[in-house]
Amino acid sequence: MDVMCSFPPENLNEYVPLNKQVLNMTTFNSIYSFMKDGHYRPQNCTAVQKVAIVVPYRDRQKQLQVFLNNVIPRIHQQQLEFVIYVIEQKSGLPFNRGILANIGFKEAMSDMEFDCIVVHDVDVLPEDDRNFYICSDNPIHMAVKVEQFGYRLLYDKLTGGITTFSKEQFEQINGFSNQFFGWGGEDDDLYRRIKFHKYELLRPFEDFGNCGSVSHVPAEKSNDR
């Protein structure tokens with residue numbers, strides 16, 4: 001297949017409010033039958049990028065179902081080849097988003113040569129398919145204006161929610177720190193890693209960067225930063 005998919009693709013849905021319905025698995029599998037073992041490849045053209053979506057996860061089954069029911073159709077509409085990796089931490093220690101992201105990167109790259117890695121919180125979901133799941137010559141922050149923060153950027157160094165990296169970028173910054181157990185801190189450390197390696201954090205789709213929030217019980221905060 002030599003024809004490249006057009007990018008940006010035509011006929012995007014643009015802004016669509018989140019669908020917070022929790023589907024049963026029979027309905028879900030029927031709607032998304034085009035996903036084969038969590039993998040989608042456009043049928044009539046070659047995608048401009050192969051994207052791995054890495055989702056650090058624990059104990060949020062309903063949020064995960066809402067996540068899949070919103071993220072899959074948006075990436076599908078963008079005509080990207082993509083695979084979703086849900087990296088689950090067992091019960092016990094406080095949640096460690098960074099180490100799960102690192103594991104997801106290693107697992108993804110052992111499967112195939114991805115152009116782009118997207119580290120994606122399960123409870124932050126784009127509302128506009130013009131917010132593209134792609135990588136560039138610098139890391140990209142997609143979750144610019146998040147509902148739970150009043151649809152505004154909290155501070156310029158914010159990297160949390162949804163961030164994209166090329167394979168080379170993620171390897172050069174050495175991924176996330178493994179040291180942050182509990183909510184918070186790992187994303188600010190990530191920003192320092194990005195800057196230390198002379199990258200800029202881009203927000204090229206800021207105008208379309210509204211992201212809805214899926215409510216959940218707050219995670220235990222990290223007291224040791």
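One is the number of the first residue; the rest follow in order along the sequence. Model, not experiment: these values are computed from the prediction.
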Between Asp121 and Arg97, is the closest basic N to carboxylate O distance under 4.0 Å? yes
Strictly distance-based, threshold 3.5 Å: is any side-chain N or O of Gln89 a donor or acceptor partner for the main-chain N or O of Asn96? yes
With the 4.5 Å side-chain cut-off for hydrophobic clustering, are Phe170 and Tyr199 part of the same group? yes
Show, in sequence, the C-alpha distance, side-chain angles and deciding distance for Phe132 and Thr164, and conclude whether the side chain to side chain contact (heavy atoms under 4.5 Å, CB included) test is met. CA-CA 10 Å; Phe132 292 108; Thr164 83; over 6 Å; no
Within a 6.0 Å radius of atom CZ on Phe196, are there more than 12 heavy atoms belonging to other residues, nucleotides or ligands? no
Are Phe205 and Ile53 linked, directly or through intermediate hydrophobic residues, by side-chain heavy-atom contacts shorter than 4.5 Å (ILVMFWY only)? yes
Can you tell me if NZ on Lys50 sees more than 12 non-hydrogen neighbours from other groups inside 6.0 Å? no
Heavy-atom nearest pair, Leu158 first then Arg203, reads O-NH2, 2.8 Å
I need the Leu23 CG to Leu68 CG distance, nearest 0.5 Å. 10.0 Å
From CD1 (Ile99) to CZ (Phe180), nearest 0.5 Å: 12.5 Å
Any side-chain heavy-atom pair from Asp115 and Val48 closer than 4.5 angstrom? no
Glu14 with Arg130: basic N within carboxylate O range, under 4.0 Å: yes
May I ask you to test the Phe165-Ile194 pair for a side-chain heavy-atom distance under 4.5 Å? yes
Shortest non-hydrogen contact from Gly212 to Glu147? CA-OE1, 3.5 Å
To check you understand the geometry: which heavy-atom pair defines the closest contact between Gly209 and Asn131, and what is its length? CA-ND2, 3.6 Å
Close side-chain approach of Leu18 and Glu127, heavy atoms under 4.5 Å: yes
For Asp156, look at atom CG and say whether over 12 heavy atoms of other residues, nucleotides or ligands are found less than 6.0 Å away. no
Check whether any side-chain N or O of Lys145 sits under 3.5 Å from a backbone N or O of Glu206 as a donor-acceptor pair, and report yes or no. yes
Under the side chain to side chain contact (heavy atoms under 4.5 Å, CB included) criterion, do Asp111 and Val83 qualify, and how do the steps go? CA-CA 10 Å; Asp111 283 347; Val83 183; 5.7 Å; no
Can we call the ring centroids of Phe67 and Tyr57 under 6.0 Å apart? no
Quick one: does Val86's side chain get under 4.5 Å of Leu64's, heavy atoms only? yes
Before you tell me yes or no, could you show the steps for Val118 and Ile162 under side chain to side chain contact (heavy atoms under 4.5 Å, CB included), namely the whole-Å CA-CA distance, both residues' side-chain angles and the distance that decides it to 0.1 Å? CA-CA 7 Å; Val118 182; Ile162 315 169; 3.5 Å; yes
Nearest heavy-atom pair of Gln79 and Cys45: which atoms, and what distance? NE2-SG, 4.0 Å
Taking all heavy atoms of Glu186 and all of Gly98, pick out the closest pair and write down the distance. CG-N, 4.4 Å
What I'd like to find out is whether the side chain of Phe95 reaches to under 4.5 Å of the side chain of Pro56, using heavy atoms alone. yes
With distance as the sole test, does Gln169 use its side chain to make a donor-acceptor pair with the main-chain N or O of Cys116 at under 3.5 Å? no
Between OG on residue Ser166 and CG on residue Asn138, distance to nearest 0.5 Å: 9.0 Å
Val51 side chain near Ile75 side chain, heavy-atom distance below 4.5 Å: no
Quick check: do Met35 and Phe82 have side-chain heavy atoms less than 4.5 Å from each other? yes
Nearest 0.5 Å, please: how far is NE2 in His39 from CD in Glu81? 3.5 Å
With Tyr133, the side chain to side chain donor-acceptor pair (under 3.5 Å) member among Gln49, His120, Gln78: His120
Look at the side-chain heavy atoms of Ile, Leu, Val, Met, Phe, Trp and Tyr, link any pair under 4.5 Å apart, and say whether Val71 and Phe208 land in one connected group. no
Is there a donor-acceptor pair under 3.5 Å between the side chain of Thr159 and the backbone N or O of Leu190? no
For Arg41 and Lys36, what are the C-alpha separation, side-chain angles and deciding distance, and is it a side chain to side chain contact (heavy atoms under 4.5 Å, CB included)? CA-CA 9 Å; Arg41 179 186 294 113; Lys36 304 300 182 184; over 6 Å; no
Asn70 (side chain) donor-acceptor with Lys20 (main chain) under 3.5 angstrom: no
CZ of Arg192 to NZ of Lys195: how many Å apart, nearest 0.5 Å? 13.5 Å
Might you point out which heavy atoms bring Ala143 and Val124 nearest each other, and give the distance in Å? CB-CG1, 3.8 Å
Would you kindly say whether Asp188 and Tyr155 are connected by a side-chain donor-acceptor distance under 3.5 Å? yes
For the NE2 atom of His76 and the CZ atom of Phe34, what is their distance to the nearest 0.5 Å? 4.0 Å
Between Phe114 and Val54, is there a side-chain heavy-atom distance shorter than 4.5 Å? no
Please say yes or no: joined through hydrophobic side-chain contacts below 4.5 Å, possibly via intermediate residues, are Ile72 and Tyr15 part of one cluster? no
Hydrophobic cluster identity match, Val144 and Val16, side-chain contacts under 4.5 Å: no
